[in-house]
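Values below: all heavy atoms of this structure, side chains included; hydrogens, waters and symmetry mates excluded. By convention in this document, chain letters (A, B, ...) are assigned in the order of the sequence lines, proteins followed by strands, and residues within each chain are numbered from 1.
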There are 2 protein chains.
Amino acid sequence: MTAETGRRPMRADARRNYEKLVAAATESFLANGPDASLDDIAKRAGVGPGTLYRHFPNREALLDAVCVRWADSVAADAAPLLEAADPTEALNAWLVRLVAHVSEFKGLAAALLLSSDRKHDTAWVLHHTSDELVERAKAAGGIRADVTTSELMQLTSGISYACGHSKQAGKPTSTPERLIGLIMDGVRTR
Amino acid sequence: MTAETGRRPMRADARRNYEKLVAAATESFLANGPDASLDDIAKRAGVGPGTLYRHFPNREALLDAVCVRWADSVAADAAPLLEAADPTEALNAWLVRLVAHVSEFKGLAAALLLSSDRKHDTAWVLHHTSDELVERAKAAGGIRADVTTSELMQLTSGISYACGHSKQAGKPTSTPERLIGLIMDGVRTR
DNA sequence: TTGCTAAGCGGAGACAGTCTCCGTATTGTT
DNA sequence: AACAATACGGAGACTGTCTCCGCTTAGCAA
């Protein structure tokens, strides 16, 4: 879902507004969570609500546009890990980073992570880079062959969710590293 | 958060309305998810919105009241497992059931599961019964001693969340059983 | 340039949901 | 029977979502 919608290129003012909206939305979602007011985002972007709703028919579409940009930067973060000496540890490190990024992003992407359908490019980008790391670890015999990337993504996004929502009560909740570690323990070949 | 609020017993009409509200809320949350309209719930219960908001200052309080009842019935489900011959497999079975119950309940409880603070009895009840099964499995040497009940609960609620939110795209998402299985693989002594 | 047209804009306003305030009604006690 | 104390409920203020449609502007062609 880039700024080009299908046929002919967007008109200059349309593209300008599109960019302003994504920027305002990013800021606002980060500040106020995924429930931030859309009309308010339009206001921040200096456009009317009608304009927002033409570009993004609903909240999810806007969220997705924001997340895709974020996902690209996260995926870039994986590049060095693809060269790492120990692919299994690289995978572990990646999953930890993934959870950290999702948390940093206030869980905006958590829901999007899960849908591997083509509607959400966010999911696709992250699934794809994860997949490379998984395949590499499998090839090196470091992890079980029967475990799929989707499964790891489900578990990882679940951890992001859980870590993001745990009210820190008396007992400190476990760190993402720890929980990812437990999963890797179940997945590693022995 | 029972129907008794601290000091003296509720007045008869108050208690009656409390019950009607919880019943209507259960029905409505189940039908429309956790975002069901509160005013509508009040209407279904045959009371005014003011009454609803006196009993439950916010959506979460109402959700919690609904979930506590549900949690009690779920916890009851664990009783036979506490007598099972193989405590580790009993734990596994319990976690699977837990995820199933949470899913059945449309994830209403997912958020509540995580907060181990005293505000949410839902969390407490389920944490408590889980704990018994965990301790039993540890005592039998079936699972690692360093894994805590909280950690398992975090992972389990994460799985519930992930399974509940995965848009079923081309590839069928993994079953809860499978994901719980992976976690148990990491947790079992070997 | 100028003029035309498709594309895009934006704000008024209909609608839905949340939550409060306060006059009225009910309960349970003496 | 009378009277606190408690609870009820609906009007309405407020906030957010989303649509409709008359107006504006970009881009193109003459």
Side-chain angles (χ1 to χ4, degrees), chain A residues 1-66 106 108 111 119, chain B residues 1-66 106 108 111 119:
Chain A
M1 194 172 292
T2 65
E4 313 246 344
T5 312
R7 307 193 331 97
R8 72 184 84 268
M10 284 171 109
R11 236 170 66 172
D13 54 346
R15 156 160 258 120
R16 212 158 43 227
N17 282 333
Y18 182 98
E19 297 300 331
K20 283 196 285 184
L21 280 167
V22 173
T26 304
E27 199 181 327
S28 190
F29 281 142
L30 241 31
N32 312 321
D35 293 330
S37 158
L38 296 187
D39 275 26
D40 180 63
I41 288 173
K43 204 165 292 169
R44 278 174 191 247
V47 306
T51 302
L52 185 151
Y53 285 96
R54 168 138 13 76
H55 285 294
F56 309 98
N58 50 49
R59 162 171 261 108
E60 202 184 4
L62 180 53
L63 210 41
D64 196 35
V66 168
K106 300 262 176 80
L108 294 197
K119 282 194 62 184
Chain B
M1 192 173 293
T2 66
E4 314 246 344
T5 312
R7 307 195 332 95
R8 72 183 84 268
M10 283 172 110
R11 235 170 66 171
D13 54 346
R15 158 160 257 120
R16 211 159 41 228
N17 283 332
Y18 183 99
E19 296 301 331
K20 283 195 287 185
L21 280 166
V22 173
T26 304
E27 198 180 329
S28 190
F29 282 142
L30 240 32
N32 312 320
D35 293 331
S37 157
L38 297 187
D39 274 27
D40 180 62
I41 288 173
K43 204 166 294 169
R44 279 175 190 246
V47 306
T51 302
L52 185 152
Y53 284 97
R54 170 141 15 75
H55 284 294
F56 310 98
N58 50 50
R59 162 172 260 108
E60 202 184 5
L62 180 53
L63 210 41
D64 195 36
V66 169
K106 300 263 177 77
L108 295 195
K119 282 193 61 185

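Checked against side-chain hydrogen bond (donor to acceptor under 3.5 Å, both in side chains), B:R59 has no partners two or more places apart in sequence or in another chain. Take A:T26 and apply the side-chain hydrogen bond (donor to acceptor under 3.5 Å, both in side chains) test, not counting sequence neighbours, and it matches no residue. A:R54 meets the side-chain contact (heavy atoms from CB on, under 4.5 Å) test with no other residue; sequence neighbours excluded.
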Report, one line per pair, each donor and acceptor closer than 3.5 Å where one atom sits in a side chain of residues 35-42 of chain A; sequence neighbours left out.
| unit_1 | atom_1 | unit_2 | atom_2 | d |
| --- | --- | --- | --- | --- |
| A:S37 | OG | A:D39 | N | 3.4 |
| A:S37 | OG | A:D40 | N | 3.1 |
| A:D40 | OD2 | A:R44 | NE | 3.4 |

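Checking the phosphate oxygens (OP1, OP2) of C:dC19, no side-chain nitrogen or oxygen of B:N58 falls inside 4.0 Å. Regarding contacts with the backbone of D:dA7, every side-chain N or O of B:T51 stays at 4.0 angstrom or more from both OP1 and OP2. Listed pair B:N17 / D:dC8 meets the phosphate criterion, a side-chain N or O lying under 4.0 Å from OP1 or OP2. Close to C:dT18, at under 4.0 Å from its OP1 or OP2, lies a side-chain N or O of B:S37. Look at B:H55 and you won't find any side-chain N or O under 4.0 angstrom from OP1 or OP2 of D:dA7.
Between B:A14 and A:Y53, the residue anchored closer to the 5' end of DNA chain D is B:A14, taking for each the nucleotide with the nearest heavy atom. With the nearest nucleotide of DNA chain C identified for both B:P57 and B:R54, B:P57 has the one nearer the 5' end. Comparing A:G48 and B:D40, the nucleotide of DNA chain C nearest to each residue sits closer to the 5' end for A:G48.
Separating the CG atom of B:L21 from the P atom of D:dA7 is a distance of 14 Å, rounded to the nearest angstrom. If you measure from atom OH of B:Y18 to atom C1' of D:dT6, you get 17 Å, rounded to the nearest angstrom. Between the CG atom of A:D35 and the P atom of C:dG17 there is a distance of 16 Å, given to the nearest Å. Following rounding to the nearest Å, B:E19 (CD) and D:dA7 (C1') show an atom-to-atom distance of 16 Å. Whole-Å rounding puts the A:F56 CZ to C:dG8 P distance at 13 Å. For the pair B:K43 NZ and C:dA16 P, the interatomic distance rounds to 10 Å; values are reported in whole Å. One can place CG of A:L52 at 16 Å from P of D:dC20, the figure rounded to the nearest angstrom. At whole-Å resolution of the value, CG in B:L38 and P in D:dG9 are 16 Å apart.
When all heavy atoms are compared, the tightest approach of A:L21 to A:V47 is CD2-CG2, 3.8 Å.
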Expected rows: protein N/O vs nucleotides 26-30 of chain C N/O, under 3.5 Å:
| unit_1 | atom_1 | unit_2 | atom_2 | d |
| --- | --- | --- | --- | --- |
| C:dT26 | O2 | B:R11 | NH1 | 3.0 |
| C:dT26 | O2 | B:R11 | NH2 | 3.1 |
| C:dT27 | O4' | B:R11 | NE | 3.4 |
| C:dG28 | OP1 | B:A12 | N | 3.1 |

Atom pairs under 3.5 Å: protein N/O with N/O of nucleotides 11-14 of chain D:
none

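Annotation: A:K20, atom NZ; neighbour count of heavy atoms from other residues, nucleotides and ligands within 6.0 Å is above 12.
Residue contacts for A:R59: at a heavy-atom cut-off of 4.0 Å it reaches the sugar-phosphate backbone alone, with no base atom in range.
Between the CD atom of B:E27 and the CG atom of B:N32 there is a distance of 9.5 Å, given to the nearest 0.5 Å. With values rounded to the nearest 0.5 angstrom, A:L52 atom CG is found 12.0 Å from A:K43 atom NZ.
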TODO: For A:F29 and A:L62, run side chain to side chain contact (heavy atoms under 4.5 Å, CB included): C-alpha distance rounded to whole Å, both residues' side-chain angles, the deciding distance at 0.1 Å, then the answer.
DONE: CA-CA 10 Å; A:F29 281 142; A:L62 180 53; 4.0 Å; yes
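Using the six-membered ring where Trp is involved, B:Y18 and B:H55 have ring planes that are perpendicular, over 60° apart on the 30 and 60° scheme.
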